[in-house]
**Student:** 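Sharing a structure here in C-alpha cells format.
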Amino acid sequence: MILPLLFLVCFGPLQEPEPTQREPLGRHLRQLENLPQASGLAMDDEGRVWALERNSGRLWRIEPEGQRTLLNGELGRPTDVERGANGELFVTDAESSCVLRLDAAGKILARKAVTGSQLSGLAWTPERIYVTLASSHRVQVLDADGEPLFSFGSHGSDPGQMIAPSDVAVAQNGTIFVADSGNSRVQAFDKQGKFLHEFGDWGPFPGLFFQPSGIEVRGEEVYVADFGNHRVQVFDLKGNLVDRFGLHAIRPREGKGYIHYPTSLSLSPSGEFAAVAEPWVDRVQVFCRTGGVAEDAVRRQAMQLAKPSAHYGMDFACDGKFLFISEPESHSVVVFENSGDDPRRISRLGGLGRKTGLLTGVGGLHYDASKHELWVADPILRRISLYRMPGIEQAEVGFDALLPRFVKSVDLAKLHELELKRWLPTVPEVIAIEKDAAGRLYLLDAANACVIVLAPELESIESIGRGTLQRPTSLAVAADGQTLYVADAGGHVWAFHGAKRQPESIAQGFTPHGLALDEERQFLFATDPVQHRIWRFGLADKETISWGGPGLARNQFYKPRGITLDHRGQLVVLDHGNHRLVRMTVDGDYLATAGPRLYTRLLRYPHLTDKEGAQEEGE
C-alpha cells in the first residue's frame with residue numbers, strides 16, 4: 001500500500017468537476033478517417049474542422065456531418081493552420097519556409113518568408129503571428145502583416161532555451177506557451193519573449209510528458225497533446241494539472257477515444273470542441289464537453305503506476321548475428337541476438353540523460369561486427385557516441401545488462417566550432433550514421449541537409465549534398481566509399497559517385513525513408529511510409545520492383561521505416577506503424593516476424609481474417 005499512497009500524495013487524484021463547474025472536455029464525438037499524415041488543425045464553434053495533410057499539401061474543410069471540401073491541394077508541406085478574422089486562414093509551410101494567408105475558400109492571398117528551418121507550430125492573434133522553428137530551436141514573432149518583430153529561444157535545456165519546439169499558443173493576457181518537445185516540457189514567456197516559468201518533465205505519470213507536440217490555450221486552460229504518452233493533458237495557466245483525456249490505443253487502428261501518437265490539436269473558440277490529429281493512423285478524432293461518449297470513469301481516474309509502452313523506433317543496425325533497435329519510449333537501444341527466427345533480447349544501452357553514455361534521442365545506428373563497436377547518433381544532444389560490446393561473439397550470449405561499454409562521444413557543437421563552420425552554417429543534427437571499409441564515418445545531417453564525412457580519427461574531410469538534398473532521412477554507403485546513396489523525403493533517392501561526388505537521381509516520385517544496400521551492390525532497397533511499400537532498385541540491370549500496401553497481413557506494411565540486410569542476406573524491415581519487425585527474402589517473400597501478438601498474428605497465421613487477426617479479447 002505504501003507505493004500507491006505515495007503516488008497519490010505526489011500527483012493527487014483527478015477530481016470530478018463540481019456540479020457548478022463546466023463539464024470537462026474529453027467525450028469522444030466522432031472520427032475523421034483517411035487523412036494521410038494529418039498535421040495542423042483548426043475548428044469553429046459549430047464543430048467544423050480544417051485539416052492539413054502534410055505530405056500531399058492538401059487543406060480540407062470538414063463539416064460536422066462529415067462532408068469534405070478541398071480548399072487547396074498545393075501547399076508544399078504544411079504543418080499547422082489557424083483561423084484568423086473574417087474566416088481567413090494562416091498556414092505554416094515547411095517546404096517554402098513561409099507563413100501563408102488564405103481566404104476562406106483556400107486561395108493564397110499572401111506569403112511571408114520566415115528565416116529559420118523546419119516551421120512547425122503556429123499561433124495567431126489580431127496583433128501578432130507566432131511560429132515555432134523546430135530545427136532552429138526558437139520562436140519567431142511576426143506582426144499582423146507577417147513582418148518579423150523579434151525571436152526568442154536557443155538550443156539547450158536551460159530556462160528559456162528549447163530543443164525542437166513543436167507548437168506555440170498565446171493566452172488572453174499575452175503569455176506565450178511553447179511545447180518544448182525535445183525537453184519534454186512546456187515553457188511560458190511574456191509578450192517580449194522573456195522566460196516566466198516552466199512545467200512538466202519527461203515521464204508517463206500525469207503532469208509529465210513524452211515529447212509534447214501540440215498546444216492550445218482557451219480561457220484559463222492550457223491543452224497539451226502528449227505525443228509519446230498518447231493523451232491530451234489540461235493545465236491551468238500556472239502549470240497545475242487540471243484534467244486529461246484519451247487512452248492509449250492497444251489494438252491496431254483502435255479509436256473512439258483511444259489515441260495513438262497525437263501530434264497536434266485544436267479547440268473551438270468557445271472551447272466546447274477539440275480535434276486531435278493522429279498522423280500515425282491517418283485520422284483526426286473530435287471530442288466535446290457534453291454529449292458524445294464518456295471514457296470509462298474507473299479507467300479515467302485510475303491512479304495506477306504508469307510506464308511508457310515500449311515500441312520499436314525507426315532506427316536499427318545489423319551486422320553479424322546481432323541486431324540493435326532504437327526504443328524511443330525508454331531513450332535506449334535494445335540489443336538482440338539474431339541468429340534464429342525470433343530475435344532474442346540480450347541487453348540494452350543508453351537511458352534518458354545528458355551525461356556521456358546516456359541518450360535523449362536516437363537518430364541513427366551503425367554496428368561494426370569486426371570490432372564489436374556500435375555508433376549511436378543523438379540529434380537532440382547533437383553528439384555521436386561509441387559503445388563497445390566485449391564478449392558479444394561468444395558461442396552462447398545470455399542477457400547481460402552490462403554488456404555494452406561506453407567508450408567516447410563526439411560533441412558536434414564543439415566540432416562545428418572548431419572545423420565544420422567553414423562548411424556548414426548550423427550545428428549538425430545527425431539522423432543516420434554509416435561507415436566504410438576504411439573506417440570513415442558518414443553522418444547524415446538533417447540541420448544542414450547534407451552528409452558529413454569524418455576520417456577514422458574523427459577529423460572532418462568533406463560535406464556532400466548541400467544544395468541537392470532537401471529532407472534527407474537515411475543513407476547507405478558502398479564498402480569502398482566511392483558511392484553513397486541518400487533517401488530524400490523531398491521525393492528522390494540520390495547517388496553520389498566518385499571523388500567529385502556527382503549527384504544522380506536513381507529513383508523519384510515517391511517518399512523514401514530507409515535504405516539498404518546488399519554486399520554485391522546488385523540491389524538498393526528503400527522503404528516507402530506513404531504508400532506502405534518496399535522498393536527494390538537493380539543497380540546493374542536497372543529493374544525496379546515493389547511490393548506491399550497498407551495492412552497487417554503478409555506483404556502488407558504500415559508506415560515502414562528502417563530496412564537492412566542481415567548476415568544471411570535476408571531483408572529485415574522495421575514495420576513502424578505496425579510495431580513489428582518483418583524478415584523476408586530479397587524478392588519479398590515472407591520469412592518471419594517479431595513484435596506484439598496483435599500486430600504479428602496475421603503474419604504467423606495467414607489463414608486468419610483481418611478481423612480475427614486484430615482481435616484480442618475473447619481468445
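Fair warning: this is a prediction, and the values are worked out from it, not measured in the lab. Along the sequence shown, the residues carry numbers beginning at 1.
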**Student:** Apply the ring pair (Phe, Tyr, Trp, His ring centres under 6.0 Å) test between Trp280 and each candidate in His248, His230, His311, His579; give the one that qualifies.
**Tutor:**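 Option passing the ring pair (Phe, Tyr, Trp, His ring centres under 6.0 Å) with Trp280: His579.
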
**Student:** Quick one: list whatever passes salt bridge (charged side-chain N to carboxylate O under 4.0 Å, His left out) with Glu462, sequence neighbours left out.
**Tutor:**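 Testing Glu462 for salt bridge (charged side-chain N to carboxylate O under 4.0 Å, His left out), a comparison that skips the adjacent residues, returns Arg501.
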
**Student:** Taking NZ, NE, NH1 and NH2 as the nitrogens, is one of them in Arg383 or Asp378 under 4.0 Å from a carboxylate oxygen of the other?
**Tutor:**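 Between Asp378 and Arg383 there is no salt bridge, as every charged N stays at least 4.0 Å from the carboxylate O atoms.
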
**Student:** Under the salt bridge (charged side-chain N to carboxylate O under 4.0 Å, His left out) test, which residues partner Glu216, sequence neighbours left out?
**Tutor:**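 Counting only residues at least two positions away or on another chain, Glu216 forms a salt bridge (charged side-chain N to carboxylate O under 4.0 Å, His left out) with Arg218.
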
**Student:** Within a strict 4.5 Å, meaning less than it, do heavy atoms of the Val486 and Leu469 side chains meet?
**Tutor:**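 The answer is yes; the side chains approach within 4.5 Å.
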
**Student:** Check whether any side-chain heavy atom of Val99 sits under 4.5 Å from a side-chain heavy atom of Val131, and report yes or no.
**Tutor:**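 Result yes, sub-4.5 Å side-chain heavy-atom pair found.
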
**Student:** Can you classify the ring geometry of Phe287 versus Phe245 as parallel (below 30°), tilted (30 to 60°) or perpendicular (above 60°)?
**Tutor:**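 Rings of Phe287 and Phe245: tilted, as their planes differ by 30° to 60°.
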
**Student:** Is it true that Asn183 and Ser157 share a donor-acceptor pair across their side chains at a distance under 3.5 Å?
**Tutor:**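 Yes - a donor-acceptor pair under 3.5 Å links their side chains.
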
**Student:** Taking only distance into account, with no hydrogens and no angle test, what donor-acceptor pairs under 3.5 Å do side-chain atoms of residues 422-433 form with protein atoms, sequence neighbours excluded?
**Tutor:**
| unit_1 | atom_1 | unit_2 | atom_2 | d |
| --- | --- | --- | --- | --- |
| Arg422 | NE | Glu419 | O | 3.1 |
| Glu429 | OE2 | His137 | NE2 | 2.5 |
| Glu429 | OE2 | Arg382 | NH2 | 3.4 |

**Student:** Using side-chain heavy atoms (C-beta onward) and a distance below 4.5 Å, is Val91 in contact with Thr79?
**Tutor:**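 Answer no - side chains too far apart.
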
**Student:** Could you walk me through whether Glu88 and Arg101 satisfy the side-chain contact (heavy atoms from CB on, under 4.5 Å) test, starting with their C-alpha distance in whole Å, then the side-chain angles of each, then the deciding distance to 0.1 Å, before giving a yes or no?
**Tutor:** CA-CA 7 Å; Glu88 288 185 340; Arg101 182 166 65 91; 2.8 Å; yes

**Student:** Find out whether Gln140 and Leu133 are in side-chain contact, i.e. whether some heavy atom of one side chain is under 4.5 Å from a heavy atom of the other.
**Tutor:**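 Result yes, sub-4.5 Å side-chain heavy-atom pair found.
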
**Student:** Return yes when atom CD of Glu504 has more than 12 non-hydrogen atoms of other residues, nucleotides or ligands closer than 6.0 Å, and no otherwise.
**Tutor:**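 Yes.
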
**Student:** Please state whether the rings of Phe209 and Phe235 are parallel, tilted or perpendicular, taking 30° and 60° as the class boundaries.
**Tutor:**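 Correct class here is tilted.
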
**Student:** Check whether any side-chain heavy atom of His155 sits under 4.5 Å from a side-chain heavy atom of Ile163, and report yes or no.
**Tutor:**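 Sidechains of Ile163 and His155: in contact.
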
**Student:** Side chains of Leu75 and Leu100: closer than 4.5 Å at any heavy-atom pair?
**Tutor:**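 Answer yes - side chains close enough.
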
**Student:** I'd like to know whether Phe227 forms a side-chain contact (heavy atoms from CB on, under 4.5 Å) with Phe210, so could you lay out the CA-CA distance, the side-chain angles of the two residues, the decisive distance to 0.1 Å, and finally the verdict.
**Tutor:** CA-CA 6 Å; Phe227 174 79; Phe210 178 19; 5.7 Å; no

**Student:** Could you tell me whether Asp282 and Lys559 have a side-chain N and a carboxylate O separated by less than 4.0 Å?
**Tutor:**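 Looking at Asp282 and Lys559, the cut-off is met.
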
**Student:** Any side-chain heavy atom of Phe510 within less than 4.5 Å of one from Trp535?
**Tutor:**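 A side-chain contact exists here, since the closest heavy-atom pair is under 4.5 Å.
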
**Student:** Near Asn86 CG, under 6.0 Å, is it more than 12 heavy atoms from other residues, nucleotides or ligands?
**Tutor:**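 No, CG of Asn86 has 12 or fewer neighbouring heavy atoms, counting only those of other groups under 6.0 Å.
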
**Student:** Is the charged tip of Arg253 near the ring of Tyr558: under 6.0 Å from the six-membered ring centre and within 45° of its axis?
**Tutor:**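 Output yes; distance and angle both within limits.
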
**Student:** Can you list everything that forms a salt bridge (charged side-chain N to carboxylate O under 4.0 Å, His left out) with Asp226? Sequence neighbours excluded, please.
**Tutor:**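 By the salt bridge (charged side-chain N to carboxylate O under 4.0 Å, His left out) rule, Asp226 matches Arg231.
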
**Student:** Any pair with a residue in residues 60-69 that passes side-chain hydrogen bond (donor to acceptor under 3.5 Å, both in side chains), sequence neighbours left out, goes on the list, sorted by first then second residue, please.
**Tutor:**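 Sorted result for residues 60-69: Arg48-Glu63, Glu53-Trp60, Arg61-Glu63.
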
**Student:** Is there a donor-acceptor contact under 3.5 Å linking the side chains of Ser136 and Arg138?
**Tutor:**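 No, no side-chain donor-acceptor contact under 3.5 Å.
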
**Student:** Please enumerate all residues that pass salt bridge (charged side-chain N to carboxylate O under 4.0 Å, His left out) together with Asp167, with sequence neighbours excluded.
**Tutor:**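 Per chain and number, Asp167 pairs via salt bridge (charged side-chain N to carboxylate O under 4.0 Å, His left out) with no residue.
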
**Student:** Between Trp547 and His532, does the ring centre distance come in under 6.0 Å?
**Tutor:**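 Trp547 vs His532: aromatic centres not under 6.0 Å.
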
